[in-house]
Amino acid sequence: MNLYMHIALMFERMLLNNDRSFEQLNTKEMSATEEEFYSVARNIFHSAESRYNIKVDDYELSLMYELFKPMLLK
């Protein structure tokens, strides 16, 4: 349920605040697990980005990574 709420609120933020921008994440400091997560997440959200004309930025993906982190690092 936490994941669904986060994604719904993330889309709402992006649709309502289309003008905000965040710095790109430094990929040199990312672990292999993080890099794989960001790559898979970008692929998952690609169709939604195209449909709603939005861009899921690195900040939003980093928040989602924090939700999944305990499960990914087992």
Side-chain angles (χ1 to χ4, degrees):
M1 184 64 146
N2 191 10
L3 176 62
Y4 290 128
M5 290 300 297
H6 175 80
I7 291 172
L9 293 171
M10 175 183 72
F11 272 78
E12 181 181 23
R13 280 192 304 272
M14 289 186 297
L15 289 169
L16 295 176
N17 299 320
N18 202 12
D19 61 340
R20 66 182 194 140
S21 62
F22 289 94
E23 292 180 23
Q24 295 289 83
L25 293 175
N26 187 353
T27 56
K28 293 178 183 175
E29 297 176 4
M30 291 172 57
S31 68
T33 304
E34 286 176 287
E35 287 182 25
E36 183 178 3
F37 175 83
Y38 284 93
S39 175
V40 169
R42 284 187 182 98
N43 287 331
I44 289 170
F45 287 114
H46 177 73
S47 61
E49 290 175 328
S50 298
R51 181 176 183 153
Y52 297 109
N53 194 28
I54 58 173
K55 176 74 173 124
V56 178
D57 58 32
D58 289 343
Y59 175 74
E60 297 292 347
L61 291 177
S62 71
L63 294 176
M64 194 168 303
Y65 179 76
E66 291 302 317
L67 287 173
F68 280 104
K69 194 175 189 177
M71 293 176 273
L72 296 171
L73 298 178
K74 285 185 177 180

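Hydrogens, waters and symmetry mates play no part in the numbers below; they use all other heavy atoms, side chains included. The first residue of the sequence shown is numbered 1, and numbering continues consecutively from there.
Note on Phe37: it clusters hydrophobically with Leu73, by side-chain heavy-atom contacts below 4.5 Å among ILVMFWY residues. Both Tyr52 and Phe45 belong to a common hydrophobic cluster when Ile, Leu, Val, Met, Phe, Trp and Tyr are linked at side-chain heavy-atom distances under 4.5 angstrom. If you chain together hydrophobic residues whose side chains sit under 4.5 Å apart, Leu3 and Val56 fall into the same group. Neither Ile44 nor Ile7 shares a network with the other; the hydrophobic side chains, linked directly or stepwise wherever heavy atoms of I, L, V, M, F, W or Y lie under 4.5 Å apart, form separate groups for each.
At least one donor-acceptor pair closer than 3.5 Å links the side chain of Ser50 to the backbone N or O of His46. Between the side chain of Ser62 and the main chain of Tyr59, a donor-acceptor pair closer than 3.5 Å is present.
Within a 6.0 Å sphere centred on CE of Met71, heavy atoms belonging to other residues, nucleotides or ligands number more than 12.
Expressed to the nearest 0.5 Å, how far NE2 of His6 lies from CG of Leu63 amounts to 5.0 Å. Rounded to the nearest 0.5 Å, atoms CE (Met30) and CD (Glu36) are 11.0 Å apart. Taken from CE in Met14 to CG in Leu9, the straight-line distance is 11.0 Å, to the nearest 0.5 Å. Annotation: the span from Met64 atom CE to Tyr38 atom OH amounts to 10.0 Å, rounded to 0.5 Å. Taking OH from Tyr65 and CG from Asp58, the interatomic distance works out to 14.0 Å, rounded to the nearest 0.5 Å. A distance of 7.0 Å separates CE in Met10 from CG in Leu61, rounded to the nearest 0.5 Å.
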Worked verdict on Lys69 versus Leu72 for side chain to side chain contact (heavy atoms under 4.5 Å, CB included): CA-CA 5 Å; Lys69 194 175 189 177; Leu72 296 171; 5.7 Å; no
